[in-house]
Number of protein chains: 2
Amino acid sequence: MVKRTSLEDAPCPIARSLDMIGDWWSLMIIRDCFLGRRRFSEFQKSLGLAKNILAARLRTLVASGILEMTPASDGSAYQEYVLTPKGRGTFPILVALRQWGEEFSFEPGEVPTLLVDRKTHRPVRKLELRSASGRLLNQPDTEVVPSAEAQRP
Amino acid sequence: MVKRTSLEDAPCPIARSLDMIGDWWSLMIIRDCFLGRRRFSEFQKSLGLAKNILAARLRTLVASGILEMTPASDGSAYQEYVLTPKGRGTFPILVALRQWGEEFSFEPGEVPTLLVDRKTHRPVRKLELRSASGRLLNQPDTEVVPSAEAQRP
DNA sequence: CCGTATCCATTCCGATACTG
DNA sequence: CAGTATCGGAATGGATACGG
């Protein structure tokens, strides 16, 4: 995408993820997909970006296996863009971005949109990181190690 | 940062987060901070990006309240960059990016670095999203609503 | 309606040189 | 070591025009 030092061979999974979706628009398009949008014009109206840029982003997202094109459900001659399993796997990333934004980017008076439990309509909890045994972990409780140094479960 | 349709006033917290850290380098710099790096040259060597770009990114991260500059701990005349509470709040975002990368960007033979429990050195679990009552939620169990339509806990 | 093609300004990014 | 200054090529992003 960008002629930038490629991170796709880095051993760090964060680097590889950012290499694929770490640009300005990809995650916004994926967010729209989770909101049920699937047509070119829906993305374009929702995001307000130039059509050539949108077309390029959709192409790379399809090429990365995050979106796939399917015949339009309404019988029109066109295609729709829907998330693949890999694409749906980004859900925790979007939730984490959302929760960080809620906490640090809204003034007391402002009201963000909320992620709620569909059944009860009550806001979800903050994402939880747990150890293999189920203990809640914060960042200082963790460590990044080369794969070889990890204990196998 | 980029002269792009600004998302900083959007009601969607995802949009606001991406407006602040949704570029190619910011999250990589933050990742390095979590790994204990704090000096200009450490970032530069680790990330391999141009010094002017790094300087610009560090400036905006400080301006956004994600990093702060402190006198160098070793008595040298320079500054170090350390995460603020807001910056440390990005931890779940990095974990989510890491887990998605582990799952979808590594071939069977390749070994990623791993996030482990510091005590046991066993890999952490996948991030869990739970309802207010503690039930595990997947994406289809959730919904995004304007703040007014959410049930107050 | 769904894109592609083209033009243009801006910015990004890398490389290098330079300063305290 | 920690940046700043500058340069050039590449890509972004907005706007518009055009074709199936």
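The structure displayed is predicted, hence computed values, not measured ones.
Of the listed nucleotides (D/dT16, D/dG14, C/dG14), C/dG14 has the atom at the smallest distance from the side chain of B/W25.
Between B/E80 atom CD and D/dG3 atom P the separation is 11 Å, expressed in whole Å. Rounded to an integer number of Å, the gap from CD1 of B/I53 to C1' of C/dC12 is 6 Å. Put simply, NZ on A/K45 is 10 Å from P on C/dC2, counting in whole angstrom units. Straight-line distance from the CD atom of B/Q44 to the P atom of C/dG14: 10 Å, rounded to whole Å. Remark: P of D/dA2 and CD1 of B/I29 are 15 Å apart, rounded to the nearest angstrom. The CZ-C1' distance, from B/R57 to C/dT11, rounds to 10 Å in whole Å. The nearest whole Å value for the distance from the CD atom in A/Q79 to the C1' atom in D/dG20 is 14 Å. Between B/L49 atom CG and C/dA15 atom P there is a gap of 10 Å when expressed in whole angstrom units.
Panel note: side chain B/T60, backbone B/R57; a donor-acceptor pair is recorded below 3.5 Å. A donor-acceptor pair under 3.5 Å is formed between the side chain of A/E110 and the backbone N or O of A/E107.
Considering all non-hydrogen atoms of both residues, A/L49 and A/Q44 come closest at O-NE2, 3.1 Å.
Side-chain nitrogen and oxygen atoms of A/R39 include none within less than 4.0 Å of the OP1 or OP2 phosphate oxygen of C/dG3. B/S41 has a side-chain polar atom (N or O) that falls below the 4.0 Å cut-off from OP1 or OP2 of D/dA2. For the pair B/R59 and D/dG3, the criterion of a side-chain N or O lying under 4.0 Å from OP1 or OP2 is not met.
Side-chain N/O atoms of A/N52 and base N/O atoms of C/dT6 include a donor-acceptor pair closer than 3.5 Å. For a distance-only test at 3.5 Å, the side chain of A/Y78 fails to qualify as a donor-acceptor partner of the base of C/dC2.
Residue A/Y81 is in sugar-phosphate contact alone, with no base atom involved, counting any heavy-atom pair closer than 4.0 Å across all strands shown. Within 4.0 Å (heavy atoms only), A/A50 reaches at least one base atom of the nucleic acid.
For the pair A/R39 and A/Y81, the cation-pi criterion (under 6.0 Å, within 45° of the ring axis) is not fulfilled.
A side-chain donor from one of B/S46 and B/R37 sits under 3.5 Å from a side-chain acceptor of the other.
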